[in-house]
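Okay, so here's the structure we're looking at.
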Amino acid sequence: MPKDSGTKVVTRFAPSPTGYLHIGGARTALFNWAYARRHGGTFILRVEDTDVARSTSRSSWQIVQDMLWLGLDWDKGPLSHPSNPDADEFVSSQPPENQRYFQSRRGDLYIEYLERLRKGGHVYRCFKTPEQLKAEREAARAAKSPEKYDPTESLSRSEADQQRLIDAKKPFVWRFRMPEADVTVNDLVLGDVTIKREELEDFVIMRSSVDGQPGLPMFHFANVVDDADMSVTHVLRAQEHLMNTPKHVAMFDALGIARPAYAHMPLIFNPDGTKMSKRDKAKTARAAAQDWIKKNGGKAEALLAKIVNHNEVRKSTLAGLGMTQPALDLFLAKKSDDANLAGFIAGALGIALPEIDVKDFRDNGYLKDVLLNYVSLLGWSPKGDVERFDLDFLRDNFDFSGIGKSNAKFDRAKLLAFNGDRIAKMPREEFEKHLADRLNAPGTEHVNLRAKLGQDPAKISLLAAAYQLRAKTLNDPLKAAAFLGEPDDAIKAKDEKTRKVLVDNDGAALQMLTRLAECLKAVEPWDPPSIHTAMEKFAAELGKPIGEIAQPLRVAITGTTVSPPIDLTLALLGKESTLTRIRHAG
RNA sequence: GGCCCCGUCGUCUAGUCCGGUCUAGGACACCAGGUUUUCAUCCUGGUAACACGGGUUCGAAUCCCGUCGGGGUCACCA
C-alpha cells in the first residue's frame, strides 16, 4: 500500500529534452502513467530542461509527439498542440500556465525554495572554481584518498568575506549541506537502502552566474523542488538514480516536506550488455560507412556523392539538413554522433540502424501496443503466465510488487515475434490502412511500388491479403513487394541456383512458361480465383503437380524463389506485367 | 578503486517474502516432425536454468555467511 493511501496519487514523467523519447524513457513514462491511472491519480509530464546547452525546444516537441503516439496522456504538462506549430517554438508558444511544466521557465520557484533552505541553514555559498575542484579531485585520486568535496573552506568563510567576493564579481554556487547522519531510502522495489554519512558529500544545487544572483538550478534541486511543489506522491524511475535518492530525500527532510515514495526499476541493455544509447546508431552507420569507403576507393567524397545520388536531391538541399562533407568527415572521425547523418548513411547504404528511440520503432513498422507490451515485460511481470496484453490490462494490473530487481537485455527477436503476431491478428481493414499510409508516406523510398499499385484500394487489399501472415513489421510487405515496382524487362534471377529453376532440363521450364503465358492471356477477370483455376487446369493438362508450374513462374516474375501464393502474386502484378516478365525470362 | 543494487533455461521471466505442492512453469529464440505450390502461418514434440562454496534444517531455488560474476554511481549532465 502506498504510504499515504488517503491522498491522491500523483506521478510524473520528467524527461530531459535532448532528442526523441528513448525506449527506456518510454517504459518509465508508461509505468508512471499506469500507476496514476490505476489509482485515479494525476499523471504529470514535466520537462527538465535546466541544462541549456543540451536541451532544445524541438526535442521537447519530439518527446511530446512520441508520448501522443504511444497513447500516454498526461493531466498536467505542456499543451500537446500549442497555437504555433513550429517545433523550435514549442516551449515559447506555450501558454504561461503550461510553461510552468518546463523547468527553464520557473526559475522564481527555485529561488524561493533556495531561500527556505538558506533560512534553515541547509545551504552555503562555494566560491571554488570548476578548475579548482577538478584539481582537488585529481590530487585526491593520486593520493588514493576519497574524492570528496571538502566544505571546510566554504563553511568557514565569514558573511563579510563572502560579500567582499560577491562585490568583486566572483562567481559562486550554492551547495546543499548534507546532514550529519546516515540516510536510508525506503524503496518500494529494493527495500531499505542505507548510505553512510561519509559516502555523502555536499552538492551543488544552484549553478553560478556572474552577477551575484543564483544561476540555474541543478537537476537534484529542480527535481526535488518540483516534486514537492507538484505534490508528487510516487517517484518511479530507473535504477541509475538510486544513488541520487539520498540527496533528494535529504532535501525533502531539510525542507520539512514529506518524502514521496520511491521505486527504482531495473535498467535495460543491449543483448551484448552495453547501454542502449543513441550512439549505437552512429556506431553502426560509421562502421558501414568506413567499410563502404574502403571497398570503393577510399574516398569519403564518394560516399557523400552516393548519399546525394540516393536521395535524388541537390547537394545544397542535403547541406541544409546538415549533410555536408565537413560534417561527414567529423562523423567518420568519431567526432560527432549526429543521428541525422547516421540515417542518411544507412539509407544510402541500405543498412538497418538499431532502434533505440520510440521514433525508430515507429518508423520501422512496430505497433505501439506491441512496443508498450514488450517494454513493460522488461522489469515487470503480471501475475500468472499472462504475457500478451494491452494498455488497459497494464493500467488495471500494474503494481510495484511486479517490478523486478535485476537488469534486462532488450531482445529484438521477441519484440519482432510479438509484432508479427499482432499484425497477423489485426482486422484486415486495419492492416490495409497501415499499408496505404506507409506506401503513400512522403519520401522516395517506395516510389516504384507506389506507381505500380497507385491509389487502387483493390491492389492494397491484395497486398494486405498477400502479406498479413508474412509480415513481422508494417514495413516488411513494402520491402518484400518491391519486386512489383521494378521494370518488367529487368527481372533477373537473383543467383545461379535460382536461375536453374528456370533453365534446367534443357529449357523445359521455359517452354512450359511460354505455353502457360498463352493460357494466362485468356484469364478474365484477372483475380486470384480465376488465376488459380486457370493454373490448376494447366497443371492437370500437363499431368504435373502445381508446384512444378508455380516455382519457375515465380522465378520468372520475381527473380526469387520466394513470394506469396502465386495466384495472389500474379494478381498483384497485373496481367500485362506478368506476360511481359514471362517473355523476358531466362 | 569506494559505496550501492542484482545473480533461475541463450533471452525475458514465474516461483523466493510465508522452506516441502519444483522430477523448476510460461514466452521468445533454437532443433525435430506434420500441414502447405515457394516463403510464411498453423499444429505436435524436443533441447535448455536455480552462479559457486559452506552453513541452518528431516527437507533449500527459497533462510544465513562467504566467494565469484554482472550492473549502477562517484560533475557548476540529467
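Comparing the C1' positions of U41(B) and C77(B) gives an interatomic distance of 49 Å, to the nearest angstrom. Taking atom C1' in both C4(B) and G10(B), one finds a spacing of 29 Å when rounded to whole Å. Comparing the C1' positions of C65(B) and C76(B) gives an interatomic distance of 44 Å, to the nearest angstrom. Between C52(B) and A14(B), the distance separating the two C1' atoms is 24 Å to the nearest Å. Separating the C1' atom of G2(B) from that of G25(B) is a span of 41 Å, rounded to the nearest Å. Here the separation of G72(B) from C31(B), taken at their C1' atoms, is 38 Å to the nearest Å. C68(B) and U21(B) are spaced 33 Å apart, taking the C1' atom of each and rounding to whole Å. Spacing between C42(B) and U47(B) at atom C1', rounded to whole Å, works out to 22 Å.
When heavy atoms are screened at a 4.0 angstrom cut-off, Thr561(A) is found touching base atoms of the nucleic acid. Among the heavy atoms of the strands lying under 4.0 Å from Asn244(A) is at least one base atom, whether or not backbone atoms are also near. Within the nucleic acid shown, Lys128(A) comes within 4.0 Å of at least one base atom, counting heavy atoms only. Looking at heavy-atom distances under 4.0 Å, Thr18(A) makes no contact with the nucleic acid at all. In this structure, Phe269(A) reaches the sugar-phosphate backbone alone: every heavy-atom distance under 4.0 Å involves primed, P, OP1 or OP2 atoms, never a base. Among the heavy atoms of the strands lying under 4.0 Å from Arg175(A) are primed sugar atoms or P, OP1, OP2 only; no base atom is included. Note on Arg141(A): nothing from the nucleic acid sits closer than 4.0 angstrom, heavy atoms only. Here Ala424(A) lies out of heavy-atom contact (under 4.0 Å) with every strand. Counting any heavy atom pair closer than 4.0 Å across all strands shown, Glu387(A) reaches a base atom. Within 4.0 Å (heavy atoms only), Pro545(A) reaches no atom of the nucleic acid at all. Residue contacts for Gly379(A): at a heavy-atom cut-off of 4.0 Å it reaches the sugar-phosphate backbone alone, with no base atom in range. If you check every strand for non-hydrogen atoms under 4.0 Å, Phe418(A) touches sugar and phosphate atoms only. Among the protein residues, Ser563(A) comes within range of the nucleic acid bases, having at least one heavy atom under 4.0 Å from a base atom. Nucleic acid contact class of Pro271(A) (heavy atoms, under 4.0 Å, all strands): none.
Nearest-nucleotide positions on RNA chain B place Asp411(A) closer to the 5' end than the other of Asp411(A) and Phe127(A). In terms of position along RNA chain B, the nucleotide closest to Ile566(A) lies nearer the 5' end than the nucleotide closest to the other residue of the pair Leu469(A) and Ile566(A).
In this structure, the side chains of Trp74(A) and Ile44(A) stay at 4.5 Å or more apart for every pair of heavy atoms. Using a 4.5 Å heavy-atom cutoff, the side chains of Val358(A) and Tyr20(A) are not in contact. Residues Gln162(A) and Phe127(A) form a side-chain contact, since some pair of their non-hydrogen atoms from C-beta on lies under 4.5 Å apart. Using a 4.5 Å heavy-atom cutoff, the side chains of Ser376(A) and Leu30(A) are in contact.
Using Watson-Crick or G-U wobble geometry with both donor-acceptor distances under 3.5 Å, G19(B) finds no partner in any strand shown. G2(B): Watson-Crick or G-U partner is U73(B), with both key distances under 3.5 Å. A 3.5 Å limit on both hydrogen-bonding distances identifies C68(B) as the Watson-Crick or G-U partner of G7(B). Across all strands shown, the partner of A32(B) is U44(B), judged by Watson-Crick or G-U wobble contacts whose two distances both fall under 3.5 Å.
The side chain of His532(A) approaches U37(B) more closely than any other nucleotide in the set A78(B), U37(B), C28(B). The Gln239(A) side chain lies nearest to C5(B) when the options are A78(B), C5(B), U41(B). Between C74(B), A14(B), A78(B), one nucleotide has an atom nearer to the side chain of Ser381(A) than all others, and that is A14(B). Taking every side-chain heavy atom of Ala408(A) into account, C12(B) is the closest of C39(B), C12(B), C76(B). When distances run from any side-chain atom of Lys275(A) to the nucleotides U41(B), G72(B), A78(B), the shortest one goes to G72(B). Listed nucleotides: C76(B), U73(B), U37(B). Nearest to the side chain of Glu240(A): U73(B). Side-chain proximity of Met218(A) to the nucleotides C28(B), C76(B), C39(B) is greatest for C76(B). Comparing atom distances between the Ala413(A) side chain and each of U38(B), C76(B), C28(B) picks out C28(B) as nearest. Checked against A78(B), G25(B), C4(B), the side chain of Val193(A) finds its nearest nucleotide in C4(B). Closest to the side chain of Ser406(A), from the set U37(B), G26(B), C6(B), is C6(B).
Following rounding to the nearest Å, Asp192(A) (CG) and C4(B) (P) show an atom-to-atom distance of 14 Å. Atom-to-atom, CG of Asn419(A) to P of U41(B) comes out at 14 Å; the value is rounded to the nearest Å. Rounding to whole angstrom units, CZ of residue Arg388(A) and C1' of C28(B) are separated by 8 Å. Atom-to-atom, CG of Leu200(A) to P of C3(B) comes out at 14 Å; the value is rounded to the nearest Å. Per the geometry, CZ belonging to Arg137(A) stands 6 Å off C1' belonging to A75(B), to the nearest Å. Remark: C1' of G2(B) and CZ of Arg197(A) are 16 Å apart, rounded to the nearest angstrom. The distance between atom CG of Leu377(A) and atom P of A29(B), rounded to the nearest whole Å, is 14 Å. When the P atom of U38(B) is taken as reference, atom OH of Tyr467(A) falls 16 Å away, rounded to whole Å.
Phosphate contact (OP1/OP2 of C77(B), side-chain N/O of Arg207(A), threshold under 4.0 Å): present. OP1 or OP2 of A78(B) lies within a sub-4.0 Å distance of a side-chain N or O belonging to Thr50(A). Under 4.0 angstrom from either OP1 or OP2 of U41(B) there lies at least one side-chain N or O belonging to Lys472(A). Look at Arg125(A) and you won't find any side-chain N or O under 4.0 angstrom from OP1 or OP2 of C76(B).
Taking the six-membered ring for Trp and thresholds of 30 and 60 degrees, Phe172(A) and Trp174(A) have ring planes more than 60 degrees apart, a perpendicular arrangement. Aromatic ring pairs are classed by plane angle as parallel below 30°, tilted from 30° to 60° and perpendicular above 60°; the pair Phe418(A) and Tyr374(A) is perpendicular.
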For Leu553(A) and Leu513(A), what are the C-alpha separation, side-chain angles and deciding distance, and is it a side-chain contact (heavy atoms from CB on, under 4.5 Å)? CA-CA 7 Å; Leu553(A) 177 57; Leu513(A) 283 182; 3.9 Å; yes
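Remark: the Ser104(A) side chain and the Asp49(A) side chain contain an N/O donor-acceptor pair separated by less than 3.5 Å.
A distance below 6.0 Å separates the ring centres of Phe219(A) and His248(A). Aromatic ring centres of His234(A) and Phe31(A): separated by at least 6.0 Å.
Donor-acceptor pairing under 3.5 Å, judged by distance alone, is absent between the side chain of Lys414(A) and the base of A29(B).
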